[in-house]
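Structure first, commentary second.
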Amino acid sequence: MNEAQPIIVTLQLDAKSDAFFQAQRRKYFPPQINHIGAHLTLFHNLPGPHFDDVLKIIGRCCAKRTSFALKITGLLKLGRGVAYRVEAQALLELRTELAHEFDPWLIRQDRQGFRPHVTVQNKVAPQEAAALFDHLNTGFTPLSAMAEGVQLWFYEGGPNRPGTWAPAGVIAFRE
């Protein structure tokens with residue numbers, strides 16, 4: 001655990017939904033740059049030196065919640081990729097509460113509007129992304145998933161190596 005590295009915060013999905021998104025990402029994400037698994041990012045970059053505070057804040061927020069349902073309602077065009085759109089009022093409430101708590105530490109990217117999604121393709125030619133969007137969108141049926149908690153990761157990477165994520169903890173919602 002390197003607490004000097006930035007912290008990434010993601011939503012923990014139920015095992016079946018996670019397996020679906022992991023398979024989709026392995027199938028469609030360019031393998032040479034696919035260094036991390038499929039995920040739903042809540043925050044892209046919190047300060048590693050504040051890890052203990054981040055952990056306490058997330059712990060308090062998770063202790064107030066039980067697992068909640070998510071709806072995968074469609075696909076998003078990312079320009080050079082494709083993602084599954086995720087919707088749930090409880091997810092928006094969790095993200096809003098955490099953003100309020102993390103306000104002093106939020107980078108610009110995490111202050112922008114929250115658009116929950118799971119990316120399964122990125123950094124490809126726009127035509128390739130458009131073709132995958134059309135392919136996945138044809139006959140798309142909404143899916144259900146469950147949010148079970150929050151995952152924390154340390155970002156490990158830099159100018160001379162691709163970014164990877166090291167697990168830093170999981171905090172489950174209360175039973």
Side-chain angles (χ1 to χ4, degrees), residues 1 6-31 33-46 51 54-78 81-99 101-102 106 109-110 112-123 129 132-133 135-137 139-156 163-175:
M1 191 153 71
I7 303 163
I8 301 161
V9 180
T10 62
L11 190 68
Q12 181 178 343
L13 303 176
D14 65 279
K16 181 180 176 185
S17 301
D18 184 64
F20 169 78
F21 289 123
Q22 299 305 336
Q24 292 285 289
R25 188 168 174 112
R26 281 191 303 275
K27 186 173 182 179
Y28 298 119
F29 208 97
I33 59 171
N34 192 14
H35 304 292
I36 57 175
H39 56 278
L40 190 158
T41 303
L42 297 173
F43 298 95
H44 297 85
N45 184 335
L46 295 173
F51 180 76
V54 169
L55 202 57
K56 286 176 191 170
I57 291 167
I58 292 173
R60 279 195 313 266
C61 289
C62 287
K64 296 189 278 185
R65 291 173 168 79
T66 58
S67 297
F68 55 86
L70 303 167
K71 295 177 185 171
I72 293 74
T73 58
L75 295 148
L76 290 172
K77 290 182 179 181
L78 302 177
V82 177
Y84 285 89
R85 179 186 10 249
V86 180
E87 296 181 9
Q89 185 60 37
L91 174 58
L92 299 178
E93 291 167 2
L94 170 66
R95 173 60 168 65
T96 299
E97 182 178 350
L98 288 171
E101 294 285 336
F102 296 147
L106 294 181
Q109 184 178 18
D110 287 330
Q112 296 173 348
F114 179 56
R115 185 173 65 160
H117 64 278
V118 178
T119 301
V120 294
Q121 181 191 60
N122 206 2
K123 300 181 181 166
L132 179 61
F133 178 86
H135 170 72
L136 293 176
N137 205 35
F140 173 82
T141 303
L143 306 167
S144 296
M146 290 297 291
E148 296 183 340
V150 174
Q151 301 166 313
L152 293 93
W153 309 85
F154 285 117
Y155 176 78
E156 298 179 329
T164 58
W165 298 5
V170 175
I171 302 172
F173 297 130
R174 68 177 167 83
E175 295 295 318

List the atom pairs, donor and acceptor, that lie under 3.5 Å between side-chain atoms in residues 17-26 and the rest of the protein, sequence neighbours left out.
unit_1, atom_1, unit_2, atom_2, d
Ser17, OG, Asp14, OD1, 2.8
Ser17, OG, Asp14, OD2, 3.1
Asp18, OD1, Gln22, NE2, 3.0
Gln22, OE1, Ala38, N, 2.8
Gln22, NE2, Ala38, O, 3.0
Gln24, OE1, Tyr84, OH, 2.8
Arg25, NE, Asn34, OD1, 2.9
Arg25, NE, Ile36, O, 3.1
Arg25, NH1, Thr119, O, 3.1

Please report the shortest heavy-atom distance between [X] and [Y], naming the atom on each side.
X      : Y      : answer
Ala88  : Leu70  : CB-CD2, 3.6 Å
Phe133 : Val82  : N-CG2, 3.7 Å
Val120 : Leu136 : CG2-CD1, 4.4 Å
Leu13  : Glu148 : O-OE1, 3.9 Å

Contacts of type side chain to side chain donor-acceptor pair (under 3.5 Å), residue [X], not counting sequence neighbours:
X      : answer
Asn45  : none
Thr73  : Arg85, Glu87
Gln121 : none

Any side-chain heavy-atom pair from [X] and [Y] closer than 4.5 angstrom?
X      : Y      : value
Leu98  : Phe43  : yes
Phe102 : Asp110 : no
Arg95  : Leu92  : no
Phe68  : Glu93  : no
Ile72  : Val118 : no

Taking everything shown except Arg115 itself, do over 12 heavy atoms lie less than 6.0 Å from its CZ?
->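 Not buried by this count: 12 neighbours or fewer within 6.0 Å.
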For Lys64, does the NZ atom have more than 12 heavy-atom neighbours from other residues, nucleotides or ligands under 6.0 Å away?
->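 For Lys64, atom NZ is crowded (more than 12 foreign heavy atoms under 6.0 Å).
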Walk me through it: do Leu11 and Leu94 pass the test side-chain contact (heavy atoms from CB on, under 4.5 Å)?
-> CA-CA 10 Å; Leu11 190 68; Leu94 170 66; 4.1 Å; yes
Side-chain donor or acceptor of Thr164 paired with backbone N/O of Glu156 under 3.5 Å |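 Indeed, once roles are kept as given, a pair shorter than 3.5 Å links the two residues.
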Would you sort out whether Leu46 and Leu152 count as a side-chain contact (heavy atoms from CB on, under 4.5 Å), showing the intermediate values?
-> CA-CA 10 Å; Leu46 295 173; Leu152 293 93; over 6 Å; no
Distance, nearest 0.5 Å, that separates CD1 of Ile58 from NZ of Lys56 |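 If I round to the nearest 0.5 Å, the distance is 13.0 Å.
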Supply the atom-to-atom distance Ile171 CD1 to Arg65 CZ, rounded to the nearest 0.5 angstrom.
->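 One gets 12.5 Å once the value is rounded to the nearest 0.5 Å.
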Carefully, step by step, assess Leu42 and Phe114 under the rule side-chain contact (heavy atoms from CB on, under 4.5 Å).
-> CA-CA 8 Å; Leu42 297 173; Phe114 179 56; 3.8 Å; yes
Carefully, step by step, assess Phe154 and Ile7 under the rule side-chain contact (heavy atoms from CB on, under 4.5 Å).
-> CA-CA 5 Å; Phe154 285 117; Ile7 303 163; 3.9 Å; yes
Sequence-distant partners of Gln151, side-chain contact (heavy atoms from CB on, under 4.5 Å), two or more places apart =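 Partners of Gln151 by the side-chain contact (heavy atoms from CB on, under 4.5 Å) criterion, ordered by chain and then number, come out as Thr10, Gln12, Trp153, Val170.
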Residues which pass salt bridge (Lys or Arg N to Asp or Glu O under 4.0 Å) with Glu101, listed by chain and number, not counting sequence neighbours |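 Checked Glu101 against salt bridge (Lys or Arg N to Asp or Glu O under 4.0 Å); matches are Arg60.
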